[in-house]
Amino acid sequence: MLLHGLLAINKPRGKTSTEVLNTLKGFFRNRTNSTVNKKKLKLGHGGTLDPLATGVLVIGINDGCKELYKYISCNKVYSATGLFGFATDSYDSYGKLLKIAPVKHITKEMLSFILQKFTGDILQKPPLYSALRMEGRRLYDYARKGITLPKSIEPRAVKVHSLSLLDFTTSHGYKPPTTTDTILLETIKTSENNDIMNTNNQINAIINEDLITENSLLNNPIFKIHVECGKGTYIRSLIHDIGIELNSAAHVVELVRLQQGDLQLHKDTVELDECSDLNTIFNAMEKIKLKHSCSSQL
């Protein structure tokens, strides 16, 4: 019997979307019976989910790959948490620290007010660490290999249907990003006497815990937002841009895709480690088929 259809995985944090596909292929290959024709197995996903992110990742199996275009172009729903005061090259906590910025001036009211600017049709510059292509090469390939981009990344039109603030607090367990690598740093350092040192030139420096502690930035506020958006929207860019709008900096520390098209987290998804049992995959795929069948009859 050959599998055909869609499967929705709750992607684990730390895995790339491609690694999820490879894990699934491994589960199939490890089957000792002939339930699945391994030579004909084809897998694909309906849109990359960041390594840091968890949540709905739609997988196409064999003929199900023909349906993936619907999930690439569909609306999506996210929950995202950003940490103020730090910018990274990847716009999330997996990246290298590039900037330390002041945060004491930021209030919940200010944040709520500026969120209006990021709702509706907006222009957004994708992050360098993304799967977009430039002259045949993925942007993240340029970044990882230290290759200069052949041209600037152009802002793109995206649509944010709704954007709401769920939380704003300094009570949290998130730590500032650090790196032991020599990096390009733009520092805005605020001391007790409010002297500000802004390095406008490119400086090579090492960021460490001592520098962060000296700047009293260990209790920077976090903010959590709920986002419903159209295709091509980068939540990392949204968080990054919110930080800039507030004359500070911000990066993503948590990101969850709650819904992709008509498929919802937990209601329609299975855990990746559960897929080692082929019956789990069968049942999950049949559930999605039944859901689509019922929807088409309405």
Side-chain angles (χ1 to χ4, degrees), residues 11-22 45-57 72 76 78-101 118 122-158 160 174-187 202 204-207 222 225 227 229-245 248-257 260:
K11 189 191 82 65
R13 182 183 174 104
K15 279 189 175 291
T16 67
S17 301
T18 299
E19 286 173 342
V20 171
L21 293 182
N22 290 336
H45 62 73
T48 301
L49 195 54
D50 295 340
L52 173 141
T54 62
V56 183
L57 179 66
I72 294 174
K76 301 171 182 69
Y78 296 92
S79 170
T81 302
L83 174 61
F84 279 120
F86 307 93
T88 70
D89 58 357
S90 62
Y91 296 179
D92 65 22
S93 57
Y94 282 7
K96 295 178 182 179
L97 179 60
L98 293 184
K99 180 179 180 179
I100 301 175
F118 297 96
I122 64 173
L123 286 177
Q124 183 185 78
K125 185 176 179 180
L128 177 58
Y129 282 85
S130 65
L132 295 177
R133 291 185 181 274
M134 180 178 290
E135 297 189 359
R137 185 192 293 264
R138 302 281 189 187
L139 287 181
Y140 59 67
D141 283 338
Y142 288 102
R144 291 171 182 169
K145 296 176 182 178
I147 302 173
T148 303
L149 293 178
K151 58 183 178 181
S152 300
I153 301 174
E154 295 295 330
R156 305 190 308 169
V158 297
V160 177
Y174 297 106
K175 295 182 179 180
T178 60
T179 179
T180 57
D181 297 329
T182 300
I183 62 173
L184 180 64
L185 170 69
E186 179 192 358
T187 304
Q202 295 181 344
N204 286 325
I206 295 178
I207 302 301
I222 61 165
I225 56 176
V227 188
C229 57
K231 66 177 182 179
T233 306
Y234 279 91
I235 306 302
R236 282 179 292 141
S237 291
L238 181 62
I239 294 289
H240 177 82
D241 293 344
I242 287 172
I244 293 175
E245 184 67 26
S248 182
H251 69 280
V252 173
V253 292
E254 292 285 344
L255 177 60
V256 183
R257 184 187 280 168
Q260 186 171 2

Next on the checklist: Which residues pass the side chain to side chain contact (heavy atoms under 4.5 Å, CB included) test with T54, not counting sequence neighbours?
Outcome noted: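 Partners of T54 under the side chain to side chain contact (heavy atoms under 4.5 Å, CB included) test: N10, R13, V256.
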
Item to check | Sequence neighbours excluded, every pair satisfying side chain to side chain donor-acceptor pair (under 3.5 Å) that has a member inside residues 229-244 | outcome: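 Residue pairs passing side chain to side chain donor-acceptor pair (under 3.5 Å), neighbours aside: D50-R236.
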
Next on the checklist: Strictly by side chain to side chain donor-acceptor pair (under 3.5 Å), give each pair with a member in residues 123-132 just once, sequence neighbours left out.
Outcome noted: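 Passing the test, one end in residues 123-132: no pairs.
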
To the closest 0.5 Å, what do you measure between [atom1] ([X]) and [atom2] ([Y])?
X	Y	atom1	atom2	value
R138	L132	CZ	CG	8.5 Å
L238	L255	CG	CG	10.5 Å
K15	L57	NZ	CG	12.0 Å
K76	L49	NZ	CG	10.0 Å

Item to check | Closest non-hydrogen atom pair between P155 and L123, with its separation | outcome: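 For P155 and L123, the tightest heavy-atom pair comes out as CB-CB, 4.3 Å.
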
Next on the checklist: Show the nearest heavy-atom pair for residues I72 and G47, with the distance to one decimal.
Outcome noted: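 Heavy-atom minimum between the residues: CG1-N, 4.0 Å.
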
Next on the checklist: Any non-hydrogen side-chain atom of F118 less than 4.5 Å from a side-chain atom of V160?
Outcome noted: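 No. Closest side-chain heavy atoms not under 4.5 Å.
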
Do any side-chain atoms of residues 78-88 form donor-acceptor pairs under 3.5 angstrom with protein atoms, and if so which ones, sequence neighbours left out?
unit_1: Y78; atom_1: OH; unit_2: R257; atom_2: NE; d: 3.3
unit_1: Y78; atom_1: OH; unit_2: R257; atom_2: NH2; d: 3.3
unit_1: T88; atom_1: OG1; unit_2: Y91; atom_2: N; d: 3.1
unit_1: T88; atom_1: OG1; unit_2: D92; atom_2: N; d: 3.1
unit_1: T88; atom_1: OG1; unit_2: D92; atom_2: O; d: 2.7

Next on the checklist: Does C229 form a side chain to side chain contact (heavy atoms under 4.5 Å, CB included) with V158? I'd like the steps, not just the answer.
Outcome noted: CA-CA 8 Å; C229 57; V158 297; over 6 Å; no

Under the 3.5 angstrom rule, does the side chain of [X] hit a backbone N or O of [Y] as a donor-acceptor pair?
X	Y	result
K11	T16	no
S90	G95	yes
Q260	G46	yes

Could you pull out all donor-acceptor pairs under 3.5 Å where a side-chain atom in residues 139-153 meets a protein atom, sequence neighbours excluded?
unit_1: Y142; atom_1: OH; unit_2: M134; atom_2: O; d: 2.9

Item to check | For E19, salt bridge (charged side-chain N to carboxylate O under 4.0 Å, His left out) partners two or more places apart | outcome: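 If we apply the salt bridge (charged side-chain N to carboxylate O under 4.0 Å, His left out) test to E19, skipping adjacent residues, there are no hits.
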
Checklist entry - What's the verdict on side chain to side chain contact (heavy atoms under 4.5 Å, CB included) for L128 and D89, showing C-alpha distance, side-chain angles and the deciding distance? => result CA-CA 8 Å; L128 177 58; D89 58 357; over 6 Å; no

